[in-house]
Amino acid sequence: MEIETAGDHEDIDEPSRYGLKLLLNHEFPLKSKQLIIPRPKQIFEMMPLSARYLKYYLAKRMQKRKPIMDYVNMISAQRMYGCPIGGIGGGTIGRGFKGEFCRFQLYPGLYEYVTVPECQFIINIRDAKKDTIFQSVLSTYNKPKKAPQTWEWNLNGSDCEYTALYPRAWTTYDLTKYGIKLVCRQITPVIPHNYKDSSLPCAVFVFSAKNVCNEHRDVSISFTWTEVLGEPNKKKNIGKLDLERYAEEHTCGVTLEQKIADQPCTFTIAKKKQESETIHDAYCLWNSAKTSRYVWECLKKHGKLEPDHNQSAKVMDNKNGKEKAKKIYKNDSIALSSTISLDPGGCGSAEFCLVWDMPIIKYKDSKIHKRYYTKYFGSDGIAGPSIAAYALKNYENWEKQLSEWQDPILNNSNIPDWLKSALMNELYFIADGGTIWFDVSDEYPETDPRHEFGVFGYLEGHEYRMYNTYDVHFYASFALAQLWPNLQVVLQYMYRDSIALESPKLRQSLYDGKSCKFKVKDTVPHDLGDPDGLPFTQINAYNIHDVSEWRDLNLKFILQVMRDYRLLRAYSAPFGNERYRSMAFIDDVRDGTEDDLYSRSTGQADTDLSPDESCDLSPEPSPIPMDRPNGMADILNLLYRSSEVVEECGEKVETREPAVAVWDSRQYLADLYPACAALLRRGLEWDKDGDGLIENGGFPDQTYDAWVMTGPSAYCGGLWVAAISVVHQMARILKLEDDEREFAKLLEQARSSLENKLWNGSFYRFDTKPSNRDVVMADQLAGHWFLRASGWTDQVFPEENVKKALNTIYENNVMRFLNGRMGAVNGFVRGARGHVDTTALQSEEVWTGVTYGLAAVMIYEGMHEQAFVTAGGLHNTLMKMGLAFETPEALYENGNHRSVAYMRPLAIWSMYQAILARPCPPAPVNNGQPHLANESNL
């Protein structure tokens, strides 16, 4: 494809001002690896657990299955990643910031940490005489030994810069030595509130080039792809590959069909084409081991790809002029090229799309699971060209929607620059968290959200392979609840259905060796299964503890319901007719109105609706005026505006036009309330002394599963009191007077006991064990955090105590630990000779998600500078370590990390919610990091 351009065309693409920015020869200044070295006391305490784990591990290996947590072969951070590609639930492919295609997750939940050198972009620049003056693979990582021998890595990394602002990325190549400046723009349609496009397994790459010399230049970009191995050390299965070329009205491309984990997957690389272009132009089928030389030399000679005619069955013998048979190599690779023809000063572009269509997933039960995108593109395995054509037609509209969402955040002066970048880039885990999203419309009635929005799951982490791990999702849920609220609703209904289940089947707890049931009635399961098993059917894959006795799981379900209820009300559809809530309405985008979805769903269209078509969601609104935060657009402001006055929490907010089509908030509350009440009443079994406050059991019975709490504790006690307050308010909203009176009495008793037993004048005690009297826990206000996120202003926890506790945490866990450069350590023993609490491995860890949640609480309480120093110090260190797009669960003081690519860091979106609710004071903060000013420009 040739595009003639003139010198007065608009300039090439410019990367975002914000995001992860690295030169392509960047070396990270801080080292980090996954190396856990327990202390002698910790080793002694963990010996029985370790012995039982080793037995479990060996049994799994003998069954040729993977353990859900592999502590024998832990994966250190690769420190190489950029923005991954692929939508939600369709599989993802990692990208290195230096240009690699790496970290493949195509079969749900199972990762292969490989870099495939044959999957690449190649540039060729020719002068006015049609001579090649430059050709290189568009990557700067060291050429792998197994890379095609004739291919050349000729880029100068110092002349190239990478920018990642998820779900987009830009790479700029300064090739002025050859008369060209080049920018590659990578777009994945992970778009808030756009469920159709967000599910697509594809990415678009737009290369824009500018001729900066005084001579004509032809710039050719070629996209190469090969068979992707589904597991390490597996040999290529060339005999079972199917490669085809195709052409449609506006696009053309090449497909490669293979199997991954014994299930069909078809890769498609496509480009936009001109009317004169035919199916025979600018493509090549090749063999990665035998004919890669042809690809390179063809580009160098012709400036574009051509079919390899030497792969025909007969060739001419030059000696005697006769035809003779030639050995034919079975092709396992595909390639496509596009040429941009540039006059001096001219600009032009080439557009490619990569699609991987793996529509059906079969687990060991043989049931057919259809990925969510098949709802729109079918499940017959031939959707690649259609998805590619759709993507190349709509990617500009995707970028428009992304800008309309991101720009108000990026332009908000209340948000430090580092946080703007971190908010976007941590969202990678929504798609790249081993995510599965299935269409189950034929399994549920229309009264269930799963009928429209499917079932959804994401892993606790790339190494901790359990879906929707609930104690961790509690922290991460802020991202889904704000950006894809219907997926959060679906997840909650999935857990709701599991609460009443009871399983008589027994298994051994690795912690103490005791037998326990897989599932106990009126408890929230720890997770919804292992991707190597039967997800959503065989639940509670976690086997270290008896999770039916965990104190936090039930309470976290309750707290999420109320937080979700508030956000759903803010996001309720602005139309009276029920049809506008349906996916049919959302998907009804007609020709000429491609950008209609966003405007309709946000209420920015249909401005001529009559008053009787509006939707009044509250019988007794009591609005009061509220100032609009500086730099905040309406769609974001809507998030925290509601017409309902919640007397319990004291929130009074004005009526605003709702934002997007979501599940009905009142139905959500009514459907989930019975489970909430049952869970709370079941929790009374843990109140052994009848004082209204639950006690921990003297083993790690909560998300800190290696840190023992005994008796009443700040963490679980605070969650308990907050949950009672929430269920009491639910009963009031639903007009259940008996329940309201029951929980009002319990709340008063629990609040009194918490303050009397755990408040010491400076902070809430870790627990009541005398040896822990000086331990300051960073996460002691988790219950208060969720009440604030749910709109509570009533002092369930006394305001003065909350402020004192936050100051104590900041002074000890943050500033006395590496001077705030690594966030908040989980436990700190205060005193004149204060030190990190080394009681357990987890007490001396920094949990990224906990630090972000703590910062959110600080913001709610007006401590913005302390919040940005706390979270900003951690983020700054993570970037210096090279841990972007694989954010770990934990860091240690020595710089090591644990559990790469983890769910909990999505808690950073709770900071955003807090900033909207309580913007920064007028006085500017020095980018949020007054103590780290010289280290903040990463």
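- A perpendicular orientation is assigned to the rings of Y363 and H369, their planes being inclined by more than 60° (bins at 30° and 60°).
- D767 and S713 share no donor-acceptor pair across their side chains, judged by distance under 3.5 Å alone.
- Ring geometry, Y475 versus W785: the interplanar angle falls from 30° to 60°, so the pair is classed tilted.
- Less than 6.0 angstrom separates the ring centroid of F885 from the ring centroid of Y428.
- Counting only distance, with no hydrogens or angles, the side chain of N812 and the backbone of F828 share no donor-acceptor pair below 3.5 Å.
- Ring centers of Y53 and Y71: under 6.0 Å apart, within the cut-off.
- With salt bridges taken as basic N to acidic carboxylate O contacts below 4.0 Å, one links D432 and R103.
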Margin query: Show, in sequence, the C-alpha distance, side-chain angles and deciding distance for K60 and Q63, and conclude whether the side-chain contact (heavy atoms from CB on, under 4.5 Å) test is met.
Written below: CA-CA 5 Å; K60 284 287 187 181; Q63 298 168 8; 4.2 Å; yes

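- Because its NZ or CZ atom is both nearer than 6.0 Å to the ring centre of F518 and within 45° of the ring axis, K505 counts as a cation-pi partner of that residue.
- Residues N73 and Y57 bring a donor and an acceptor atom of their side chains to less than 3.5 Å of each other.
- Rounding to the nearest 0.5 Å places CG of N425 at 8.5 Å from OG1 of T887.
- Side-chain contact check for Y458 and H473: at least one donor-acceptor pair (N or O, by modelled atom type) lies under 3.5 Å.
- Relative orientation of the F456 and W437 rings is perpendicular, given thresholds of 30° and 60° on the angle between their planes.
- E100 and T115 form no side-chain donor-acceptor contact under 3.5 Å, judged by distance and modelled atom types alone.
- With no hydrogens or angles considered, a side-chain donor-acceptor pair links Q42 and E844 at under 3.5 Å.
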Item checked: Worked check of side-chain contact (heavy atoms from CB on, under 4.5 Å) between D532 and K364 -> CA-CA 9 Å; D532 198 27; K364 292 178 175 58; 3.9 Å; yes

Margin query: Is there a side-chain contact (heavy atoms from CB on, under 4.5 Å) between L680 and N554? Walk through the geometry before answering.
Written below: CA-CA 7 Å; L680 194 66; N554 292 6; over 6 Å; no

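- Checked by atom type, the side-chain pair E460/Y902 shows a donor-acceptor distance below 3.5 Å.
- Between the side chains of Y704 and D779, at least one donor N or O lies within less than 3.5 Å of an accepting N or O.
- Annotation: cation-pi geometry not satisfied between R79 and F28 (NZ/CZ under 6.0 angstrom from ring centroid, within 45° of ring axis).
- Judged purely by distance below 3.5 Å, without hydrogens or angles, the side chains of Q488 and S477 never pair a donor atom with an acceptor atom.
- Residues F478 and W909 place their aromatic rings such that the two centres sit no closer than 6.0 Å.
- Side-chain contact of S32 with H897: a donor-acceptor pair under 3.5 Å is present, judged by distance alone.
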Margin query: side-chain contact (heavy atoms from CB on, under 4.5 Å) for N896 and I36? Distances and angles first, verdict last.
Written below: CA-CA 8 Å; N896 290 341; I36 303 173; over 6 Å; no

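- For Y111 and H462, the side-chain atoms include at least one donor-acceptor pair closer than 3.5 Å.
- With values rounded to the nearest 0.5 angstrom, Q508 atom CD is found 12.5 Å from I544 atom CD1.
- Under the 3.5 Å distance criterion, the side-chain polar atoms of R465 are matched with a main-chain donor or acceptor of K66.
- Taking the six-membered ring where tryptophan is involved, the planes of Y467 and F536 are tilted, since the angle between them lies from 30° to 60°.
- Between D701 and R551, at least one side-chain N (NZ, or NE/NH1/NH2) sits under 4.0 Å from a carboxylate O, which counts as a salt bridge.
- For Q34 and E463, the side-chain atoms include at least one donor-acceptor pair closer than 3.5 Å.
- Between K517 and E502, at least one side-chain N (NZ, or NE/NH1/NH2) sits under 4.0 Å from a carboxylate O, which counts as a salt bridge.
- Residues W707 and F766 bring their aromatic ring centres within 6.0 Å.
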